[in-house]
Structures are given as C-alpha cells and as structure tokens.
There are 2 protein chains.
Amino acid sequence: MRHTPIPLAALGLVLLAPVRADEGMWLFSDPPRDKIQASYGFSPDEAWLDHLMKASIRFNSGGSGSFVSGDGLVITNHHVGLESLQKMSDAHKDYPGDGFYAATPAEEVKCLDLELNVLQSTEDVTARVNAAIPAGAAGEDAARARRNVFAQIEKESHDRTGLRSDVVTLYQGGAYHLYRYKVYTDVRLVFAPEQQAAFFGGDPDNFEYPRYDLDICIFRVYEDGRPVHPEHFLKWSVKGAVDGELVFVSGHPGDTDRLLTVPELQFLRDTSFPYMMDMVKRREVLLTAWSARSDENARRAKDELFYRENSRKVYDGMLAGLLNPAFLAAKAAAEEGFKRRLSARPGGGEALAAFERIASAQRAIALDFRRYRMLEVGDGFNCDSFNIARQLLRSGDERPKPNGERLPEYSEPKRDTLELDLFSDRPIYPDFEILRLGDSLTDLAERLGFDDPTVQSVLAGKPPQQRAAELILSTKVRDIAFRRQLYAGGAPAVQAARDPMIELARTIDAESRALRRAHEAQDEIEQEAQATIGRARFAMEGTSTYPDATFTLRLSYGAVKGYVENGAAVPSMTTIGGLYRRSEEHRGREPFDLPPRWVERKTALNMDTPMNFVSTCDIIGGNSGSPTVDRKGEFVGIIFDGNIQSLPEDLYYEDVQSRSLSVHSAAIIEALRKVYDVNVLADELVNGHR
Amino acid sequence: MRHTPIPLAALGLVLLAPVRADEGMWLFSDPPRDKIQASYGFSPDEAWLDHLMKASIRFNSGGSGSFVSGDGLVITNHHVGLESLQKMSDAHKDYPGDGFYAATPAEEVKCLDLELNVLQSTEDVTARVNAAIPAGAAGEDAARARRNVFAQIEKESHDRTGLRSDVVTLYQGGAYHLYRYKVYTDVRLVFAPEQQAAFFGGDPDNFEYPRYDLDICIFRVYEDGRPVHPEHFLKWSVKGAVDGELVFVSGHPGDTDRLLTVPELQFLRDTSFPYMMDMVKRREVLLTAWSARSDENARRAKDELFYRENSRKVYDGMLAGLLNPAFLAAKAAAEEGFKRRLSARPGGGEALAAFERIASAQRAIALDFRRYRMLEVGDGFNCDSFNIARQLLRSGDERPKPNGERLPEYSEPKRDTLELDLFSDRPIYPDFEILRLGDSLTDLAERLGFDDPTVQSVLAGKPPQQRAAELILSTKVRDIAFRRQLYAGGAPAVQAARDPMIELARTIDAESRALRRAHEAQDEIEQEAQATIGRARFAMEGTSTYPDATFTLRLSYGAVKGYVENGAAVPSMTTIGGLYRRSEEHRGREPFDLPPRWVERKTALNMDTPMNFVSTCDIIGGNSGSPTVDRKGEFVGIIFDGNIQSLPEDLYYEDVQSRSLSVHSAAIIEALRKVYDVNVLADELVNGHR
C-alpha cells in the first residue's frame with residue numbers, strides 16, 4: 001500500500017539517467033507540458049492546474065485525497081483513513097471491521113486528531129533563504145541560520161494570510177519554495193466499507209496485481225460546525241478510466257531517493273535497511289502472535305500490524321533493488337560520467353569536492369545510526385505513552401526559547417499540529433502499551449548491549465517486561481487533563497509531577513539530543529554539499545528534471561496500460577466478477593473472505609464493472625488516496641497501491657512492468673448503490689452536490 | 001512444544017545452587033532414590049528401571065517415545081511425527097492436515113528416513129577416554145585424541161554387539177559413558193489425528209496452559225518386514241494420571257545449560273540470542289507471508305513454520321530469563337562463592353584458572369560467531385539442496401581419511417545415519433527452495449556485508465533472488481540417482497559433475513572448515529576447562545547432582561500438581577469439555593477450529609474425561625513424546641509441552657509456576673473410540689497386544 005512516507009536517510013542529488021517517458025513527480029508550478037504534449041497531444045493550462053491543485057488534499061497522517069463534492073465530501077483510501085477509524089473505535093464499535101455509513105449529517109462521526117491541508121499557492125523564496133546564510137557558514141551554524149529564516153518566512157506568511165505556511169526544500173537545496181495551505185481539522189466520517197472489502201486479499205495480495213480492492217473512505221469537511229463548500233472539487237466521471245488513455249495523478253508522494261550518490265546507496269544497503277528489516281520483522285512477529293490470542297487483541301493491533309506488514313514488503317522490495325549489482329554498477333558509472341563532465345567545467349571542482357563531503361558525512365552517520373534510531377527516533381521505546389511523555393518534557397524545555405532556536409516540531413507555526421496530537425483523545429490500551437514497550441526495551445538491550453550505561457539506567461535493575469509494566473501502569477500521561485496541566489505549567493510543572501515515564505524520557509534526553517545534533521550536523525553537511533552539486537547540475541541540465549518527493553503536491557501522468565509478466569499479458573483492468581472468482585479460489589478463507597453484504601448482493605451487481613486498473617503514472621508512498629483524473633480533469637479513479645515490480649521505485653522509475661494501482665470510479669458507484677444501498681451518497685458524488 | 005533440542009553454545013559446568021525438590025534429569029544408572037523416597041515414599045528398583053529404559057525410545061529426528069504394545073506399537077507426539085508425516089505427503093495427500101488411520105497392517109505407511117533408538121545398556125568408559133589423552137595435550141590435539149578414542153570405543157562395541165554405540169560426554173567431561181542402542185529404521189504410521197486436534201490453539205496457545213491438545217502419533221516398528229515384539233513395553237493405565245500423585249518421565253532431554261558460567265551466559269545474552277532471534281523472526285515472517293498466498297504453499301511450509309514459531313517463543317522466554325538482572329546477579333554471587341570455596345582447597349587453583357580459560361574462549365567464539373553461523377552452520381544457505389550438496393562434497397573428501405580424522409558426521413559408525421538422510425526420497429519443492437535460499441542469501445549479504453569477498457563469490461554478480469533461482473533450477477542434487485552416483489564415485493565423481501550447488505559449497509568450504517576448526521578449538525578449550533572444574537566439583541559435591549542434558553535417556557520425577565497465576569488457581573487437569581468451550585470462545589476460528597469429526601461426535605463424548613495435565617517433572621526440548629508413568633510403571637500420559645513459565649528452564653529449574661504438560665491417557669482412549677472409531681487400536685493399547 002502506498003501509505004505513509006518511508007523515512008529514509010538524507011537525500012542525494014545527482015541525476016544519473018535521462019528522465020524516461022511518463023517518469024516524474026512534477027511541481028504544479030513547473031509541469032512538463034512539452035513532454036505530455038509530445039507523448040499524448042495534450043497540454044494542461046493554468047486554470048486546469050489551479051483547479052486540480054485546489055481540489056487536492058493532503059492527509060497529514062500520511063496520504064492524499066481530493067474534494068469530490070461542492071458540499072465538502074473528501075475521498076481517500078480506506079488505509080489512509082484507517083488510523084482515524086481505529087481511533088474512533090472501542091471494544092463495542094469496530095469501524096474498520098464493520099464499515100460505516102452516516103445516513104444524515106448528524107450521524108457523521110468527527111475524527112479525533114486529523115488535519116487536512118489544501119495547497120493555495122506557492123512562492124519561490126530561494127534568494128531570501130540563501131541570502132540569510134552567512135558566507136562561509138557550515139554545519140550547525142548554517143542549519144540554525146536556515147531554520148531561523150524558514151521560521152521568519154513562515155511566521156510572516158502565516159500572520160499575513162492566516163494560512164499554514166511551510167518552506168519546502170526542493171532539488172536538495174537547489175530551490176526553496178513557500179507553500180501556503182488552508183487547514184481543516186473538523187473532518188467527519190461519512191462512509192467506509194468493511195476492511196475485508198477495502199483490503200480484500202490482505203497482506204498476501206498487498207502490492208500484487210491483478211487486484212480487487214474497494215480501498216476508499218469518504219469524509220466530509222466542516223468549518224465552524226457547517227460543511228465547507230469548496231470552490232474547487234473534482235467532477236466525478238461515471239464512465240471512469242479507459243484502457244490506453246492519458247491519466248494524471250495529483251497527490252503527495254512522501255519521499256524518493258532517486259538522486260542518491262553511491263555512498264548513500266551503500267549506507268542504505270549496508271546499514272539502514274538491515275537495521276530496519278530486523279526491526280520491522282521483529283514487530284510484525286510480535287503483533288501477529290499477540291493478535292492471534294484474541295479477537296480484541298487483533299482489533300487493537302490492526303493498524304500497526306498492517307503498517308508493519310506493509311513496510312516489510314517495501315523494504316524487501318527496495319533491498320532487492322539495492323542488492324542488484326547491475327543497478328549499483330549503472331549508478332556508479334553514471335556518477336563517474338557526471339563527475340567527468342563536472343571536472344571539464346569551470347568551477348566544477350567545488351561540486352566534485354561536495355561528493356567527498358557527502359561520502360564522509362555518510363560514514364559519520366552510519367557510525368551512530370543504531371544508537372540514534374534507538375534513542376532519538378525512539379525505536380527502543382515503542383509505545384504511545386513514551387511519545388507523549390517526551391512531548392511534554394520537550395515542550396516544557398523548548399517553548400521558552402526563541403522560535404528559531406527550538407526543535408522545529410516545537411516552533412510556533414507547528415503549535416496547532418503539536419497540540420492536536422498531544423491532546424488527542426485516541427484510546428491507548430495499557431496491555432498493548434506494555435507489550436510493545438517490553439519488546440522494544442528488550443530490543444534496546446540487545447542492540448546497544450545490556451551492560452551499556454544508558455540501557456542500565458533505562459531498565460533500572462528490572463527485566464524489560466517488568467520495567468515496561470511498571471512504567472505503563474504508573475505513568476499518568478494517558479490522562480488528558482494531566483497532559484494539559486503539564487503543558488500549561490511548562491518545565492516546572494513537568495518536573496514537579498515526577499511522572500515515571502517523563503522521568504524516563506528525561507534520563508535519556510541529553511544523550512538523545514546530542515545524537516540528534518550530531519546526526520543533523522552531518523545531515524546539514526550533506527544538504528549543503530547536495531545544494532552545491534544541485535546548482536552545478538542546474539547549470540548543466542536546466543529545468544528538464546523534477547525534484548525528489550517531499551510529501552508536497554506533485555503531478556504525475558501516464559497511460560492506463562497493462563504489461564507482460566512471465567510471458568503472459570496482464571490486462572490493465574480487473575472487474576467485480578474477478579473479485580468473486582479470487583475469493584472462490586481461496587474457498588472464501590481469510591483474508592480472501594467477502595463481507596456478508598457482498599455475498600448477499602452478488603446477483604444484483606454488474607460483474608463486468610471495472611474494479612481496479614493500472615497505469616504508468618509515477619507514484620510512491622504518500623500518494624495513497626490521490627485522485628486519478630483524465631484530461632478533462634474528471635475523477636476516474638483513486639490511487640491505492642503499486643505492483644510488486646514498483647517497489648524499488650523509491651530509487652528508480654521504470655515503465656516496463658512497474659505500475660500504479662487505482663480503484664476505478666465506476667466500481668465505487670456500483671458498490672455504493674448495489675452493495676451498500678447508499679444512493680444518496682452516490683448521487684452526491686455523481687451530481688457534485690447533495 | 002518440547003520438540004527438537006535447541007543447539008546452544010558449549011556447555012558450562014559449575015553447579016550454582018542446591019538441587020530443588022523434583023529438580024533433575026537423572027541418569028538411569030544413578031537415579032536419586034533417596035530423594036524420591038524422601039518426597040514420595042517410593043524407590044524404583046533395578047527391574048523397574050530396566051523395564052522403563054528398554055520401553056523408552058529416542059526419535060533421532062528430535063524427540064522421545066515409548067513402546068506401548070507387545071506387537072510393536074510406538075507412541076510419540078504428533079509434532080514429533082510431523083516431519084515424517086510431511087515427508088510422506090504431497091499435493092494429493094496431506095497426512096498432517098487430514099490425519100490417518102491404518103485399519104490393517106497392509107495400510108500402514110512406511111516413514112522415509114526415520115531412525116529410532118532403544119537404549120540397551122550403558123557403561124562407564126571415563127578411565128579409558130582420559131588415558132587416551134596425552135598428558136599436556138590441549139586444544140585441537142586433545143580433541144583429535146578424544147575423537148580417536150571415541151571412534152575406537154564405538155567401533156569395537158558396534159563390531160562386538162551389532163548395536164549402535166555412542167560415547168556420551170557427561171558432567172561436561174567429568175564422565176564418559178558408552179550408550180548402546182538397538183536401531184530401528186522400518187517405522188510405519190498407524191494413526192495420526194488431524195493437526196487441528198493435535199495442535200489445537202496453534203501458535204497462540206503453544207506453551208500456554210490450560211491446554212486441550214491431542215498431541216499424539218502412533219507408529220508400528222518392523223524388522224525384516226514383520227512387526228517387532230519388544231520384550232519391554234509400557235502397560236496402559238486406563239484410569240491415567242491422578243491429581244497429587246507421583247509420576248515419572250522417561251525421555252531424551254536435548255540440551256540444558258544450567259551450569260553455564262557467567263561469561264557464557266553473557267555470550268548467550270549479548271551475542272548468540274540476539275543473532276538467533278533476528279534469524280528466527282525473519283524466517284517466520286518469510287514463511288507466514290508465503291503460506292498465506294495459497295493453500296499449497298501453506299502445506300509445504302507447515303513444519304518449518306511450526307518450528308520457527310516454536311523457536312521464537314523459546315528464545316523470547318529464555319532471553320527474558322537472561323535479561324532478568326536478579327537471575328544473573330544470583331548466578332554471579334554463587335559463582336563467586338564456589339570460587340572462594342575452591343581457593344580454600346588444595347589444588348583448587350587449577351579449577352580457578354579453568355574459569356579464566358572459559359571466559360577467554362567465550363570471547364574468541366563471540367568474535368567469529370556470526371560468520372561461523374552463516375557459513376558453517378549454513379544459516380546463509382537455508383535450503384535442502386545446499387545441505388545435500390555439501391554432504392556430497394564432504395563425504396567425497398572425508399571418507400578416504402582414517403576414521404578418527406574425519407568430521408564426526410562422516411565417520412564409519414555414523415554411516416547408516418548419513419546414508420539414510422542423504423538418500424531419503426522426501427519431496428523437495430523448487431519454489432520453496434528458491435524462496436528460502438533467496439532470503440538467506442539476502443541475509444548473508446546483510447550480515448557479512450555485500451562487499452565481503454566470500455559474499456561476492458557466493459552471489460557471483462547476481463541479485464540474491466536471481467542467484468537462488470539459478471542455483472536451485474540448475475542443480476541435480478534433488479535427483480537421488482545422481483546423489484548415489486556421486487556418493488559412490490567419491491571426490492573425483494563429485495568434481496567431474498560440476499554441479500552448480502556443489503560448486504557453491506566448494507567455494508566456501510575452505511573458509512567454512514577453518515571457521516569450524518577455530519570454533520571447535522575454542523570449544524575444546526572450554527570442554528577441558530569444564531572437565532577440570534567438573535572434577536573439582538565432584539570432589540566437593542559427590543554424586544548428589546545430575547549432568548546437563550545431552551539428548552540421552554534421563555529420568556525425571558514429580559507430582560501432578562496445579563499452580564497459582566495472577567492470584568487465581570490453575571487446576572492440574574483440563575477436560576474434553578474444556579476443549580469445546582475454548583473453541584466456542586474463539587467462535588471456532590482458526591487455529592481454534594475443531595476438525596469436523598470432533599464437531600459431529602461431540603454428544604458421544606464424556607465431557608469430564610481428563611484431556612491434558614501438568615506436573616512438576618523437570619523436562620526440556622527433546623522430551624516431547626516421553627511417556628509419563630506412575631509408580632507402577634504404567635503409561636498415564638505423554639509429555640508434549642511446558643507452560644510459558646517453564647521457558648527459561650534451559651537455564652534453571654523452578655517448581656512454583658513452571659510445569660510440564662502431558663496428554664492424559666484417558667483422553668487418548670476416549671478419542672480413539674468415540675471420535676475416530678478405531679476400537680481395534682484402542683484395544684491393542686489397553687490389552688497390550690493385537
């Protein structure tokens with residue numbers, strides 16, 4: 001599933017191969033009009049782009065979506081909405097498992113802590129950012145100066161427009177753009193199918209094709225207690241996607257690493273991925289085993305388990321790409337070629353030296369990587385209670401500082417986001433917390449060594465499981481009133497509370513911050529070096545390329561198109577009939593079982609209705625829920641996954657077998673009307689209003 | 001499940017605490033008569049012991065069993081028989097899933113490569129072994145001398161008696177005993193329940209109590225094409241185990257580490273277990289995901305997946321014990337106390353110095369541990385084809401050498417065992433082989449580093465998955481005629497064949513053997529040091545103790561007795577009625593689903609029949625399938641597991657909550673008669689003959 005962006009190492013820069021047909025996650029401010037025109041005889045104009053941009057939505061929980069009615073309906077994937085569904089569920093009401101439909105506005109259920117962003121405008125602020133970095137400043141000095149000017153620009157913009165304002169680093173520092181968003185935080189659930197239908201085939205069919213998933217979830221956005229009426233929303237195409245036709249994807253690809261240099265790829269292959277795979281597989285085993293003990297355990301662990309299984313497939317696929325010597329050899333050859341061209345240019349020596357700095361910074365990052373992950377990223381303390389405790393501790397310490405000197409997540413412009421998360425009333429289950437904390441404390445002791453002084457202070461003379469139970473059962477951070485009180489009282493109140501979990505966070509805080517500073521200093525060296533190489537590259541290649549993904553709005557394009565696998569043709573579309581056949585192949589057993597409603601309504605459905613389809617559009621994690629639109633800008637489907645061949649796409653695009661997967665717009669209407677009996681909702685989608 | 005012995009590091013020696021009530025896996029030649037008498041007012045005599053010994057059976061695949069009729073019936077656990085059931089299955093006949101009953105002798109199905117051993121006598125050969133080690137010999141010299149004298153003693157005994165003859169190292173080299181076994185290789189399946197009934201509750205309930213498993217499998221042993229008529233077999237107790245009564249367990253505990261020194265425990269905690277846990281969890285995820293893709297995948301992976309899930313619980317449990325600072329502190333204090341007593345004794349300095357040698361050897365072993373596991377143990381080449389290829393390569397190289405200089409598994413006395421395995425016609429599935437080899441080659445590249453020269457030669461410029469496919473699809477080692485031809489032709493034939501998998505084994509063979517030599521040299525230093533400490537200990541403590549387990553026959557004793565958990569009493573027995581209630585709690589969903597036959601026959605069954613029971617008998621992996629007998633020596637149940645509290649028992653025994661689990665003899669008869677309609681078989685068990 002193309003869900004939450006996968007955080008990888010620092011990004012690289014050198015473009016190593018010419019852009020392929022249909023490749024690219026393009027800026028709306030600089031779309032590849034000529035390339036689209038050349039391949040498909042169509043060129044999007046400003047109005048077309050502006051409409052699509054303002055109808056596109058970022059889910060800050062890690063995904064994309066779009067407005068699809070003038071009365072504020074938003075569609076995304078079920079697996080993007082899952083976190084919200086999970087948070088509104090309890091032992092009595094299982095939104096992910098049962099599905100949901102609000103027949104009237106009064107029945108719509110408010111999400112607990114979901115923030116949606118809608119991009120309104122972008123502005124190039126490169127010159128101002130660069131001017132703010134003192135000549136010769138490097139490392140932490142440059143980083144602080146950059147953080148400061150970011151914060152200034154963001155604050156000015158926010159004060160002036162009232163819009164959320166983020167400075168985004170593009171082209172690895174070749175450019176800085178200011179993005180302004182309308183922010184919505186009152187988001188209510190209208191419709192979700194059963195997870196069985198949304199994620200039919202479960203983990204076994206995840207990242208596979210052919211597929212048959214109704215991976216959608218529909219919300220309505222409110223402001224001041226009333227539905228919003230967005231000026232821009234997508235017209236629904238009843239016919240939907242057509243084989244061979246041009247389509248676009250407008251969404252928020254999270255993070256790509258296509259420009260990494262060879263030492264950075266080696267770091268991923270030799271340090272980062274082996275660590276991440278051990279962690280992800282360890283947690284998958286933990287959650288799978290615990291889920292099997294009871295239905296209620298399974299319900300509580302569902303979204304985290306889904307995320308782990310999903311990550312495991314992604315890491316397996318990407319590592320397979322990195323362990324392909326042909327890929328790395330081609331990268332190395334292209335990098336050598338680029339360096340030769342650089343050395344032939346006046347001033348190219350500066351960029352060549354930058355390559356060396358990247359290699360050296362990467363080695364430094366690798367040295368402390370495990371410790372950095374365990375303590376600062378928090379892999380050793382995998383539970384909600386620890387995260388809240390650390391937020392309370394650090395907000396007390398950070399908020400008295402000037403804005404530009406704070407850790408970015410505690411700066412003023414991020415305050416709403418922080419408070420939304422910190423005061424969320426999502427359920428936190430002590431037994432599930434103990435399970436995860438106990439296992440991650442065990443992992444901490446294994447990875448850093450039992451005799452390590454930090455491990456010893458963390459465990460405080462107890463076995464990890466016992467220490468976890470003691471911490472979880474004695475901390476008060478699950479009480480929201482307690483959180484509010486400490487947050488309002490700041491550091492003195494936090495100190496006075498002597499809460500065991502907060503004190504644990506304090507125990508490691510000095511070391512953890514030092515690890516972060518060291519990591520970010522090297523990261524900063526890399527970013528500067530990348531920016532240096534980036535400027536040299538622009539001088540050579542102009543704007544013929546797109547920047548690596550940054551979880552900001554991008555435009556992809558391509559054709560609805562099948563492919564060949566093991567000598568057999570895989571058609572571009574599946575049908576609703578195929579869903580029933582796939583279920584029968586597995587004798588209806590989990591996760592190939594159909595919800596009862598689908599079994600009952602089988603005869604009412606048109607079996608030839610297109611269900612899912614593939615296209616060559618270039619997507620990555622974060623694109624989940626992106627609208628797929630045709631050249632008229634109409635909604636013909638919704639992105640929900642890539643096939644197995646697309647897994648190394650974080651590192652390189654190919655269009656031979658690699659494909660994006662969408663749910664077809666016709667399947668959505670067919671299911672709403674004939675399976676779920678929600679004609680009112682189907683009508684609103686088709687008509688664009690209630 | 002108390003199945004295959006877990007191979008751990010070299011054993012330690014220092015007894016750190018007095019033996020607790022009911023503790024111990026005692027030699028039949030030296031049972032703790034006084035202790036049993038004191039606790040239970042009973043003392044087993046020679047005839048009682050001899051009868052039980054000769055009715056007890058070792059399953060060389062990793063378990064225990066017993067003769068239960070004069071016509072050669074043998075009972076063990078379903079999970080001990082599972083490997084054999086799996087090997088006789090194919091896509092058309094699923095013995096583990098469907099269960100089986102042979103109504104007539106002609107229908108009994110022969111196992112492919114199963115060897116059973118029945119102990120006939122033991123003999124103390126300590127003096128002869130010690131005399132054969134030249135004074136002052138150490139390391140590899142001492143090891144070779146010891147291997148030589150072992151091989152001599154074993155060969156003489158085998159030539160004289162025709163019995164399999166193994167010299168067993170006891171008390172860490174404090175004593176050496178010669179064990180003589182009758183060997184049976186014609187073993188035929190008579191009865192197996194469905195795995196659903198045998199392993200009801202699956203992985204979630206594994207190592208838990210209360211339990212409701214019919215974990216049995218019944219074979220008949222043949223010789224010269226006719227059933228054997230053993231002189232010694234166990235009389236069946238129809239009443240079975242009774243709460244509060246004394247019971248004995250006679251079986252083959254695989255491996256305990258209760259006498260490890262502190263540096264050895266630290267090695268397990270810091271090096272061995274973290275490595276093993278990553279590997280086991282990685283493989284569990286691989287097999288689980290592949291199994292979910294289709295029913296046939298699941299069938300093929302079933303026994304390996306079971307083994308991985310089982311190992312994961314064991315490692316989690318044992319690591320939890322090691323990460324308990326109280327346990328390690330107690331060990332350290334006891335070790336210090338022992339050293340103080342040693343230093344007060346004349347000649348104690350020798351044993352004190354031995355402690356230092358163990359610590360130093362352990363550090364050396366830790367250095368190369370990962371490489372040793374990957375290459376020599378074969379973790380980097382996890383597939384049957386590689387194992388066969390290496391056996392062919394090494395048998396060609398080893399068999400021309402004098403017996404005592406060969407790797408032990410290629411010595412003459414082990415020839416039958418080697419050939420049984422090498423020429424087994426068990427099914428080997430290329431797709432499953434590629435899956436496992438591809439994943440383990442990836443693991444090899446991750447753990448040793450992609451740029452490592454050995455990794456580079458192994459991968460030969462291909463991505464791991466592609467290299468795995470190429471090797472598996474081109475090797476001929478799955479063809480038994482090919483294997484026979486190369487085995488007969490020796491090294492020249494092996495060389496001439498140029499088989500790609502054998503050549504892969506050759507590529508790593510020099511380094512792999514060097515790693516083994518280095519490992520075994522340190523191991524030998526440890527063994528010598530342990531023997532030194534062992535002798536000092538005997539001088540101080542006499543024969544009041546039992547030796548660590550060595551997968552040889554031992555006697556445990558204890559009471560049928562419940563325990564208290566979280567303040568609530570857990571009774572000693574469950575009933576058949578409890579089985580149905582547990583299934584209903586989980587709405588009959590996997591793995592809590594009952595076989596159709598159990599659903600149909602529910603009303604016929606006596607719900608109050610005891611199903612499983614717990615006792616304080618001291619067991620460990622390898623004890624699976626051991627008969628539980630009462631003071632009359634009658635079969636009252638069969639060991640199949642321990643509870644979750646018993647998992648650290650490899651390291652220390654406790655009798656507060658830790659319990660052994662048995663299937664009750666009454667449940668077996670009730671199920672055979674009323675669920676499976678096999679009165680003929682039930683009559684044979686109850687009457688002791690057909």
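Residue numbers begin at 1 in each chain, while the letters A, B, ... track the order of the sequences.
Contact check for A:R293 versus B:E208: side-chain heavy atoms found under the 4.5 Å cut-off. Under the 4.5 Å side-chain criterion, counting only non-hydrogen atoms from C-beta, A:R269 is in contact with B:D451. Counting only heavy atoms from C-beta outward, the side chains of B:F450 and A:P325 approach each other to under 4.5 Å. Looking only at side-chain heavy atoms (C-beta outward), A:T288 and B:E284 stay at 4.5 Å or farther from each other.
Note on A:A329, A:A292, A:G202: by heavy-atom pairs under 4.5 Å with chain B, the leading option is A:A292. Note on A:A445, A:A320, A:G449, A:P464: by heavy-atom pairs under 4.5 Å with chain B, the leading option is A:P464. The greatest number of non-hydrogen atom pairs below 4.5 Å with chain A, out of B:E590, B:R587, B:M279, is found for B:R587. Interface summary for chain A: among B:K313, B:H586, B:Q465, the most heavy-atom pairs under 4.5 angstrom belong to B:H586. Contacts with chain A were tallied for B:D439, B:T442, B:D203, B:D295; B:D295 has the most, counting heavy-atom pairs under 4.5 Å. Per-residue heavy-atom pair counts under 4.5 Å with chain A were compared for B:E309, B:Q266, B:R447, and the maximum is reached by B:R447.
Proximity to chain B (any heavy atom under 4.5 Å) is shown, for A:L286, by neither the backbone nor the side chain. Only the side chain of B:L319 comes within contact range of chain A, with heavy atoms under 4.5 Å apart. With a 4.5 angstrom heavy-atom cutoff, B:F592 touches chain A only via side-chain atoms. For B:R312, the part lying under 4.5 angstrom from a heavy atom of chain A is the side chain only.
Residues satisfying the side-chain hydrogen bond (donor to acceptor under 3.5 Å, both in side chains) criterion with B:R581, sequence neighbours excluded, are absent altogether.
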